[in-house]
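By convention in this document, chain letters (A, B, ...) are assigned in the order of the sequence lines, proteins followed by strands, and residues within each chain are numbered from 1.
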Protein chains: 2
Amino acid sequence: MNKSTLISMAVVRRLPKYYRYLAELLRRDIDRISSKELSEKIGFTASQIRQDLNNFGDFGQQGYGYNVKELHREISKILGLYKEYNTVVVGAGNLGQAIANYSGFSKQGFNLKGIFDKNPKLIGIKINDIEIKDIDMLPEFIDNNSIDIGILCLPRNSAQEVANVLVEKGVKGIWNFAPADIVVPEEIAVENVHLSESLMVLSYRLNETNLLNENK
Amino acid sequence: MNKSTLISMAVVRRLPKYYRYLAELLRRDIDRISSKELSEKIGFTASQIRQDLNNFGDFGQQGYGYNVKELHREISKILGLYKEYNTVVVGAGNLGQAIANYSGFSKQGFNLKGIFDKNPKLIGIKINDIEIKDIDMLPEFIDNNSIDIGILCLPRNSAQEVANVLVEKGVKGIWNFAPADIVVPEEIAVENVHLSESLMVLSYRLNETNLLNENK
DNA sequence: TAGATTGTTAATCGATTAACAATC
DNA sequence: TAGATTGTTAATCGATTAACAATC
């Protein structure tokens with residue numbers, strides 16, 4: 001069957017959650033689950049779960065449900081988690097250092113190869129056994145280490161400039177923590193983590209009820 | 001006018017982006033903008049921009065557009081950014097420390113009052129001038145410091161447990177960095193930042209084109 | 001076989017876009 | 001006033017939910 005229709009991002013963004021819940025079921029040695037049972041745990045409708053999974057293939061079996069181990073493996077394939085990726089962190093401030101230090105990502109195949117900053121006070125410091133290098137060395141480093149993903153932990157102003165370098169040097173994806181919208185060719189994947197935007201949404205919701213009363 | 005209909009989250013999640021672009025226009029001393037011009041910069045349709053803003057009031061003027069300064073101020077009010085919030089970070093690992101250190105949040109009125117961890121090796125260390133305290137002291141601390149927001153930077157297993165404490169002690173919102181879905185009463189605002197999920201989505205998109213070819 | 005549960009089509013719901021009258 | 005641009009209604013599009021025949 002040709003599945004060459006593009007899957008909507010709404011569906012894609014639910015996949016990691018399926019993956020996480022299936023991992024939990026695996027840990028608990030549960031080896032089958034129906035869309036109805038999964039629905040109760042995960043909070044999506046059973047109908048939505050079946051629709052979502054059917055975008056990628058026929059993973060279930062009528063009258064039985066889904067095999068947890070198999071479905072978990074399939075979703076890991078869909079997400080590309082069985083592969084290895086080489087990454088660099090650009091910007092070694094607090095956030096950059098935290099991301100560089102986080103070992104969970106390397107367990108999932110995201111291997112940190114380099115950390116870069118322009119601040120001379122940071123260059124030379126070791127984070128997670130990797131020495132922070134001068135950002136001027138970034139282009140050459142990408143050439144020599146087949147870097148797949150650039151992780152931007154930079155201030156607003158320098159994000160686009162570094163993104164341009166990453167794209168030019170052939171990086172395939174950018175994980176962007178900078179509070180800026182970067183512009184790249186459409187074949188480059190960009191995933192934004194805008195922390196301050198998330199915090200603003202939280203702030204909005206904290207005041208939601210009040211707002212309604214104030215405006216009457 | 002009574003605006004007491006609930007605004008959809010799709011709209012709310014766009015507000016911080018409006019806020020950010022308006023701040024940029026302010027920095028550049030631009031004092032008016034039409035939905036059409038803003039559309040070109042921000043990438044939403046002009047129609048959507050007008051629809052979005054109209055959920056909150058009549059901020060524009062026919063034939064003129066929007067006053068940048070005024071609109072920026074209105075959105076900051078809608079988002080509750082003119083207020084001050086007291087926060088605690090729970091979990092002082094790499095990510096918790098990075099969040100605690102980030103000064104940008106305090107500039108926006110989110111004031112860090114305490115940092116907690118259960119690891120004796122971390123307790124006593126100062127981050128951003130605040131000493132990491134034993135997590136056992138969290139309930140009393142919330143009572144004495146009118147904490148509004150709890151920031152969870154914990155492993156999967158302990159997130160729900162700490163969330164329960166926060167809710168019981170009257171925190172109004174939770175900014176959740178733990179890779180777990182926490183369950184709280186509906187009047188408590190929860191905003192999730194699931195970094196590993198974001199990375200998985202990036203991974204998916206890195207492989208998107210390949211997937212299509214493989215499945216034919 | 002009977003019961004359970006999927007895969008999939010059709011119906012509904014919600015969000016986005018288009019259109020244009022109102023009005024600055 | 002004429003031109004520009006909003007506010008808002010109507011049309012379209014896309015995503016979610018419901019329903020049920022297929023089938024394990």
Between B/D181 and A/R20, is the closest basic N to carboxylate O distance under 4.0 Å?
->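 Looking at B/D181 together with A/R20, the answer is yes, because their closest N to O distance falls below 4.0 Å.
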Between A/N111, A/N145, A/L112, which is the residue that forms a side chain to side chain contact (heavy atoms under 4.5 Å, CB included) with A/N86?
->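 Among A/N111, A/N145, A/L112, the one meeting side chain to side chain contact (heavy atoms under 4.5 Å, CB included) with A/N86 is A/N111.
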Would one find a side-chain N or O of A/Y64 under 4.0 angstrom from OP1 or OP2 of C/dG7?
->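 Indeed not, no polar side-chain atom of A/Y64 lies that close.
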Between B/R14 and C/dT16, does any side-chain N or O lie under 4.0 Å from OP1 or OP2?
-> yes
Checking all strands, does B/S47 fall into the base, sugar-phosphate, or nothing category for heavy-atom contacts under 4.0 angstrom?
-> base
When all nucleic acid strands are considered with a 4.0 Å heavy-atom cut-off, which category describes A/F44: base, sugar-phosphate, or nothing?
->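 Counting heavy atoms under 4.0 Å across all strands, no contact is made by A/F44.
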Report the base-pairing partner of C/dA21 (Watson-Crick or G-U wobble, both distances below 3.5 angstrom), or none.
-> D/dT6
Send over the distance from A/Q48 CD to D/dG14 P, rounded to a whole Å.
-> 17 Å
C/dT17, D/dT6, C/dT6: which one has an atom nearest the side-chain heavy atoms of A/S34?
->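 The closest nucleotide is C/dT6.
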Taking N and O atoms by type only, does the side chain of A/Q51 place a donor or acceptor under 3.5 Å from a partner on the base of C/dT6?
->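 Answer no: no donor N or O sits under 3.5 Å from an acceptor.
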B/S8 (side chain) and C/dA15 (base): donor-acceptor pair under 3.5 Å = no
Check: A/W175 ring centroid to A/F110 ring centroid under 6.0 Å | no
